[in-house]
Amino acid sequence: MTVVNRLAQFLDASPTPFHAVENMRAALLSAGFQELNEADAWDLKAAQRYFTTRNGASIVAWQMPADALAESGLRMVGAHTDSPCLKVKPKPELHQQGYWQLGVEVYGGVLLNPWFDRGLALAGRLTCLDEDGALCHHLIDFKRAIAVIPSLAIHLDREANKSRSINAQTMLPPILGQSDQALDFRTLLRDELARQRIVVSEVIDYELSFYDTQGAETVGLNNELFMSARLDNLLSCFMGLEALLTADAKTGMLLVCNDHEEVGSMSATGAQGPMLENVLMRMLPDAEQRICMLTRSMMISADNAHGIHPNFADRHDANHGPLLNAGPVIKLNANQRYASTDVTSAIFKLLARDAGVSVQEFVVRSDMGCGSTIGPITSAELGVKTLDIGVPQFGMHSIRETAGVQDVEATVEVLTRFYQLDSLPA
């Protein structure tokens, strides 16, 4: 199976961060990684491989080096598991004009227009009471189109093609069907669990998101493009995992995939929270040795980049417009919205050169604002030298995004070589 085929399977099976982490967990267990519970004492051994999760939505996986960790350092790759989406509200039931709808809340910087007129499924995590009255958790995925957000006909909105603003409160509640009476959403969820042969007495609470039912696919006359939901940033999670599982080395390697990047990263599971630092403290409890280790380490923050759109080329700096299928992108910003430095950029370029992979650079137009990633947050929290990279894509934060097939394969190759580096400059 090709890398792109594995990517498509991963994306289709990962409609939420909970599902993505569960799929990564299964892959790590299959590869011989040992799962650790944060609530237990850890006894870490040289050259062994481990992982831990938090809240089912963030994960850290690593290999202890064969040599002393303080002397060898870590090669770290970071990404995030969450994507902009529509989340179901706590009391979502709406019954209007004979239609049953659900109230939704916008999560992250969603590009809203593409969510209209698409078959939407629902997935996430439920917290329930089992038949004995004990609290339990279950992942749920309807895996079928159960809802739609219809557009208003052009005849009723003659200005739609000139200026269409979207009111998130009134225009986004999806229609689930017709009914002459209000329905109970938690009962619907319990019934869906029963169809999946999971019996609970009550659904207490949930964290659920709508998603597009159309699966990942290659497009283009020569299948050179790859289109899917949640490329930002499950694509980077996948590439980091592929590299970690492929790398044949005795070096200290680590992959961290945080939740909540799209809403600022400030949470117990986000990059601004203590999860990664907690893991590093348990890997190397002595504070002075840990500083030595971090000085000899490097983080590659992988989060997609804006490919130059042929219809909107003027939105890019003319010298820094990345092309799809022209190689991974180093992201730079003088105001530290990205954490790349000349040193970390040079290391990546040399790795890419050795792999025969072209590298591009992205700098936002000087008259436009710049997005950010977990890179500056992690770098500031840990004091580790960091590089921001990404695969160029179209339609970032849309319900479907587009990237280049060759870029996926090339980036996995460079990340694999990064994990296998014997040493890093201090």
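In this text, all values refer to a predicted model and were calculated from it rather than measured experimentally.
- A donor-acceptor pair under 3.5 Å is absent between the side-chain atoms of S58 and the main chain of N258, judged by distance alone.
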Under the criterion salt bridge (Lys or Arg N to Asp or Glu O under 4.0 Å), I'd like the reasoning laid out for K45 against D43: C-alpha separation, chi angles, the key distance, then a yes or no. CA-CA 7 Å; K45 301 184 183 301; D43 182 19; 3.2 Å; yes
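- To the nearest 0.5 angstrom, I204 atom CD1 is 12.5 Å from Y206 atom OH.
- Side-chain N or O atoms of R125 include one that pairs as donor or acceptor with a backbone N or O of N55 at under 3.5 Å.
- Of the N and O atoms on the side chains of H260 and S267, at least one donor lies less than 3.5 Å from an acceptor on the other residue.
- The stretch residues 80-94 participates, sequence neighbours left out, in these salt bridge (charged side-chain N to carboxylate O under 4.0 Å, His left out) pairs: K87-E207.
- Taking CD1 from I146 and CG from L176, the interatomic distance works out to 5.0 Å, rounded to the nearest 0.5 Å.
- A donor-acceptor pair is defined here as one N or O able to donate and one able to accept, closer than 3.5 Å; no such pair exists between the side chain of S358 and the backbone of A326.
- A salt bridge (charged side-chain N to carboxylate O under 4.0 Å, His left out) check over residues 215-224, counting only residues at least two apart or in different chains, returns the pairs E217-R400.
- With hydrogens and angles left out, the side-chain atoms of S301 and D388 include a donor and acceptor closer than 3.5 Å.
- T52 contributes a side-chain N or O that, together with a main-chain N or O of L36, makes up a donor-acceptor pair within less than 3.5 Å.
- Taking the six-membered ring wherever Trp is involved, the centroid distance between the rings of F362 and H320 does not fall below 6.0 Å.
- In terms of heavy-atom proximity, E22 sits nearest to L139 at CB-CD1, 4.1 Å.
- Considering all non-hydrogen atoms of both residues, R290 and L284 come closest at NH1-O, 2.8 Å.
- Under the 3.5 Å distance criterion, with hydrogens and angles disregarded, no donor-acceptor pair is assigned to the side chains of H80 and D259.
- Of the possible polar contacts, one joining the N325 side chain to the V405 backbone as a donor-acceptor pair under 3.5 Å is found.
- Checking side-chain atoms of T251 against main-chain N and O of M253 turns up no donor-acceptor pair under 3.5 Å.
- Judged purely by atom type and a 3.5 angstrom limit, H397 uses its side chain to pair as donor or acceptor with the backbone of G109.
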For a salt bridge (Lys or Arg N to Asp or Glu O under 4.0 Å) check, start with the C-alpha distance between R118 and D212, then their side-chain angles and the critical distance, and finish with the verdict. CA-CA 7 Å; R118 304 197 67 90; D212 181 17; 3.1 Å; yes
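- Judged by distance alone, with hydrogens and angles left aside, the side-chain atoms of S236 form a donor-acceptor pair with the main-chain N or O of A302 at under 3.5 Å.
- Within the 3.5 Å criterion, the main-chain N or O of A57 finds a donor-acceptor partner in the side chain of T81.
- At a cut-off of 3.5 Å, with distance as the only test, no side-chain donor of D67 or S72 sits close to an acceptor on the other residue.
- No side-chain donor-acceptor contact under 3.5 Å links Q34 and R49.
- A donor-acceptor contact shorter than 3.5 Å is absent between the side chain of Y338 and the backbone of I330.
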Quick one, K143 with E192, criterion salt bridge (Lys or Arg N to Asp or Glu O under 4.0 Å). Give me CA distance, side-chain angles, the key distance, then yes/no. CA-CA 11 Å; K143 295 184 178 180; E192 181 63 24; over 6 Å; no
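- Among residue pairs with one or both ends in residues 29-41, those qualifying as salt bridge (charged side-chain N to carboxylate O under 4.0 Å, His left out) are R25-E35, E38-R54; sequence neighbours excluded.
- Within 6.0 Å of the CZ atom in F116, the count of heavy atoms belonging to other residues, nucleotides or ligands exceeds 12.
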